[in-house]
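For reference, positions follow the sequence shown, starting with 1.
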Amino acid sequence: MKVLALVFTCAFFLLGNNIAEAQTGAYRRISPVEANQMMNQLNDFILLDVRNPDEFRDRRIEGAILIPVAQLEARAASELPNKNAVILIYCLAGGRSATAARTLAAMGYTRVYDFGGILSWPFATVSGD
């Protein structure tokens with residue numbers, strides 16, 4: 001009985017934390033395949049590249065907008081005004097995208113998805129200006 005009560009207590013605590021995160025803005029880590037599925041299914045989403053301009057020019061996912069992670073806090077309000085928009089974030093290997101996702105969640109964005117780095121992206125990319 002004590003073990004069962006402990007399991008329920010832990011589950012309630014974890015569920016409660018997830019609900020609180022959802023209310024204050026949170027992000028979710030997804031795979032590149034899940035991100036691609038969302039891009040194919042949704043009509044309205046923001047594809048956000050948080051690398052630097054040289055990396056963006058070299059190789060990016062078509063349709064992405066660039067806001068380097070270091071500039072995200074300063075530019076988010078004007079360039080990402082809808083805090084309920086679906087935002088799919090990537091970088092090179094996954095570190096900057098995780099930082100960007102946490103930043104946006106802390107700023108109150110509610111539908112943020114981090115799918116890691118373009119190095120793991122198995123689908124088409126584009127390059128150039």
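- Heavy-atom minimum distance, Pro32 versus Phe115: CG-O, 3.9 Å.
- Between the Lys83 side chain and the Leu104 main chain, no donor and acceptor come within less than 3.5 Å of each other.
- Between atom CZ of residue Arg57 and atom OG of residue Ser127 there is a gap of 11.5 Å, rounded to the nearest 0.5 Å.
- The main-chain N or O of Gln71 is never found under 3.5 Å from a side-chain atom of Arg75 such that the two would form a donor-acceptor pair.
- For the pair Ile46/Leu88, no side-chain contact is recorded, criterion being any heavy-atom separation below 4.5 Å from C-beta on.
- In this model, a donor atom of one side chain and an acceptor atom of the other lie less than 3.5 Å apart for Asn52 and Glu55.
- Partner of Asp49 under the side-chain contact (heavy atoms from CB on, under 4.5 Å) criterion, out of Ile89, Ile65, Leu66: Leu66 alone.
- Using modelled atom types, no side-chain atom of Arg28 and backbone atom of Tyr113 make a donor-acceptor pair closer than 3.5 Å.
- A side-chain donor-acceptor contact under 3.5 Å links Asp114 and Ser97.
- Closest approach of Val50 to Cys91, counting heavy atoms only: CG2-CB, 3.8 Å.
- Atoms CG and CZ, on Asn40 and Phe123 in that order, are 8.0 Å from each other to the nearest 0.5 Å.
- Between atom CD1 of residue Ile87 and atom CG of residue Leu48 there is a gap of 7.0 Å, rounded to the nearest 0.5 Å.
- Of the possible polar contacts, one joining the Thr99 side chain to the Gly95 backbone as a donor-acceptor pair under 3.5 Å is found.
- Using a 4.5 Å cut-off between side-chain heavy atoms of Ile, Leu, Val, Met, Phe, Trp and Tyr, with links allowed through other members, Val86 and Leu80 fall into different hydrophobic clusters.
- One N or O on the side chain of Glu34 and one on the backbone of Ser31 form a donor-acceptor pair closer than 3.5 Å.
- Side-chain polar atoms of Arg59 and Thr125 form a donor-acceptor pair below 3.5 angstrom.
- Not one N or O on the side chain of Tyr27 forms a donor-acceptor pair closer than 3.5 Å with the backbone of Thr103.
- Distance CD1/Ile61 to CG/Asn36: 8.5 Å, rounded to 0.5 Å.
- The backbone N or O of Gly116 sits nowhere less than 3.5 Å from a side-chain atom of Arg96 that would complete a donor-acceptor pair.
- Proximity of a side-chain donor or acceptor of Tyr90 to a complementary backbone N or O of Ser120 within less than 3.5 Å is not detected.
- The structure places CE of Met38 at 7.5 Å from CZ of Arg111, a figure rounded to the nearest 0.5 Å.
- Residues Tyr109 and Val112 come closest through the heavy atom pair CB-CG2, 3.6 Å.
- In this structure, Ile118 is a member of the same hydrophobic cluster as Val33, with clusters built from ILVMFWY side-chain heavy atoms closer than 4.5 Å.
- Around atom CD of Glu73, no more than 12 heavy atoms belonging to other residues, nucleotides or ligands sit under 6.0 Å away.
- In this structure, Asp44 places its CG atom where only 12 or fewer heavy-atom neighbours from other residues, nucleotides or ligands lie under 6.0 Å away.
- For the atom pair CG (Leu92) and CH2 (Trp121), the distance works out to 14.5 Å, reported to the nearest 0.5 Å.
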